[in-house]
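Shown next, in structure tokens, is the structure this report addresses.
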Number of protein chains: 2
Amino acid sequence: MLKEERQHAILNEVELHNRVLLTDLAEKLEVSIDTVRRDVKELDTENLLVKVHGGAVSLGFANHSPTRGNVYALDKKITIANKAKALIRENSVVLIDGGTTCLELARLLPANLKLTCFTLSLPVAMELLNKPNIQTIFIGGTLSPDSQIAMGSSAIHALSEIKVDYSFIGTGYVDAQYGLTEFDWDVVQTKKAVINASKKTVLLCISEKLNSQHRFKTCDINAINTMVTELEPWDEKLAAFKNMNIQLL
Amino acid sequence: MLKEERQHAILNEVELHNRVLLTDLAEKLEVSIDTVRRDVKELDTENLLVKVHGGAVSLGFANHSPTRGNVYALDKKITIANKAKALIRENSVVLIDGGTTCLELARLLPANLKLTCFTLSLPVAMELLNKPNIQTIFIGGTLSPDSQIAMGSSAIHALSEIKVDYSFIGTGYVDAQYGLTEFDWDVVQTKKAVINASKKTVLLCISEKLNSQHRFKTCDINAINTMVTELEPWDEKLAAFKNMNIQLL
DNA sequence: CTTATATTTGCAGTATTTTGCAATATAAGT
DNA sequence: ACTTATATTGCAAAATACTGCAAATATAAG
């Protein structure tokens, strides 16, 4: 039996039952458990399934995003996304940025919500297409392979021609004093354009990113209208942001 | 037995069973395993199959991607995509349309090919992002939930500002007399803009679509430079297209 | 028709990959 | 903590792949 054939069979089994035990696979395929283990490991690194202790589960079952996703601090991000969702009113026009937190927001939008939604992010767009009542408009541009968002002059130009009610953005780093900063210059340019295209800007940001900086600056804190974290508003980590002119959720 | 003949037989076997062992091939074709090995190696470098340890698997079988659901006539579409791929030259600028056939083309592009690639299709863009040497530019616009491509005035406007070497498009229906037709008016408008943005246009089309029409017309047959089907060029289904001014692959 | 040249094929020796096993380490359950 | 189940690692045997070479075959030229 060919290795590819075996791995194909494993994938089928996983897709079918959502979860399988390595021991069952070994028996069914008539190979040693070590071989199954190695196959599953390979398939896992190719992001075709998720290896867990004693077996494997399908991507969907693992709440693993369809893109190569990190599920780091997923629960926090879901908390943030839920808070942010409350800001969105029916029939408004919003923009959703890239990043895993924003992707969660897109995922959590209710199916019956009528909305016009702009985005620069490929995964967010994929997610929004599943929502029948959301009109999705993609801001075109050169796609960045790692962040999977559109950037560059054409994206910035397209953004200059719109004005949305709310934009929901992420950031690499945020600090009460230095504002929002990024590692990548192009990302900064794009985010600036997003903020300019918005009547109100909402920052989605897990607490780990608070009080951190990097080399390029997107904007000051007061360019943001609302900052959403997973923390309670009275948490001391937010103290530095309290007397800024922004809403904390 | 001629080499050509043998390789053809190998391909048939692979297409039929999706997987073959080199030892089986050697026995069946009555040649040494080395010869089979060399043949398979050649076919692999021509991207007609994928050589693996101990045997070979068909292209469809090899690219087991979880994002690809059940695709109708996948093998034919892979054949078409492979033929179309041969038209693409290094460092050229191409545009890839939506549709499952075009998606297969994107999937089959070699990882080492340097290319600038425009697209309107979300799935195609996702696929292209996996290719490190391809610069991907997304044509923004209103996304259609079912076809997952950008359409509307902004997409058409963005297309009016570019000129690519080759565009690869699909179509709903095609007929030698009536040309390319579609069910959806917006799709027609977008495809027209794509054709205008291209020096040369290549139509990817499975044989089932030949000699069929629908209500809205995209263009005449002679607006197309090349038509790629899974058929051999002398197939009688293509007879009606023979004396048109287009290349058949 | 014959000779010269190039291609193809099979073989043998040597690398590489795959696989299962055993020993040890890590994680999960009670 | 203790026991069981699962993972990891190193290793050796088997299977498969690659290399160079010589015989066989095909192709081209005279």
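Computed from a prediction, not measured in an experiment: that's the story for all the values here. Here is the naming used below: chain letters follow the sequence lines, and residue numbers restart at 1 for every chain.
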* Could you work out which one of D:dA17, C:dG10, C:dA28 sits closest to the side chain of B:H53? => D:dA17
* Nearest-angstrom distance from the residue atom CD of B:E4 to C1' of C:dT7 -> 14 Å
* **Closest to side chain of A:K41, choosing from C:dT9, D:dT8, D:dC18** => D:dT8
* **Residue closer to the 5' end of DNA chain C, B:E30 versus A:V36 (nearest nucleotide)** => B:E30
* Who does C:dA12 pair with, Watson-Crick or G-U, both distances under 3.5 Å? -> D:dT19
* To do: Provide, to the nearest angstrom, the distance between the CE atom belonging to A:M1 and the C1' atom belonging to C:dT18.
  => 15 Å
* Which whole-number value in Å describes the distance from B:L22 CG to D:dT16 P? -> 8 Å
* Asked: Is A:K3 near enough to C:dT18 that one of its side-chain N or O atoms lies under 4.0 angstrom from OP1 or OP2?
  -> yes
* For B:L21 and for A:I33, locate the closest nucleotide of DNA chain D by heavy-atom distance; then report the residue assigned to the nucleotide nearer the 5' terminus. => A:I33
* Asked: So what does A:V52 touch, heavy atoms closer than 4.0 Å: a base, only the sugar-phosphate, or nothing?
  -> sugar-phosphate
* B:R37 CZ to C:dC11 P, straight-line distance once rounded to whole Å -> 13 Å
* Asked: Under the 3.5 Å rule, do the base of C:dG10 and the side chain of B:R38 count as making a donor-acceptor pair?
  -> yes
* Choose from C:dG10, D:dT8, C:dT9 the nucleotide whose nearest atom is closest to any side-chain atom of A:K51. => D:dT8
* How long is the line joining CG of B:D39 and C1' of D:dA17, in whole Å? -> 15 Å
* **Donor-acceptor under 3.5 Å (B:N133 side chain, B:L113 main chain)** => no
* Would you kindly give the CG-to-P distance between A:D34 and D:dT6, to the nearest whole Å? => 13 Å
* Between A:K131 and A:L109, is there a donor-acceptor pair closer than 3.5 Å when you use the side chain of the first and the backbone of the second? -> yes
* Asked: Is the shortest side-chain N to carboxylate O distance from A:E5 to B:R19 below 4.0 Å?
  -> yes
* Is there a donor-acceptor contact under 3.5 Å from the side chain of A:K83 to the main chain of A:T229? -> yes
* Roughly, in whole Å, what's the span from CG in A:L2 to P in C:dT17? -> 16 Å
* **Lys/Arg N to Asp/Glu carboxylate O, B:E90 vs B:K114, below 4.0 Å** => no
* For D:dG30, which nucleotide in any strand shown is its Watson-Crick or wobble partner with both distances under 3.5 Å? -> C:dC1
* To do: Starting at atom CG of B:L29, determine the distance to atom P of C:dT8, rounded to an integer number of angstrom.
  => 17 Å
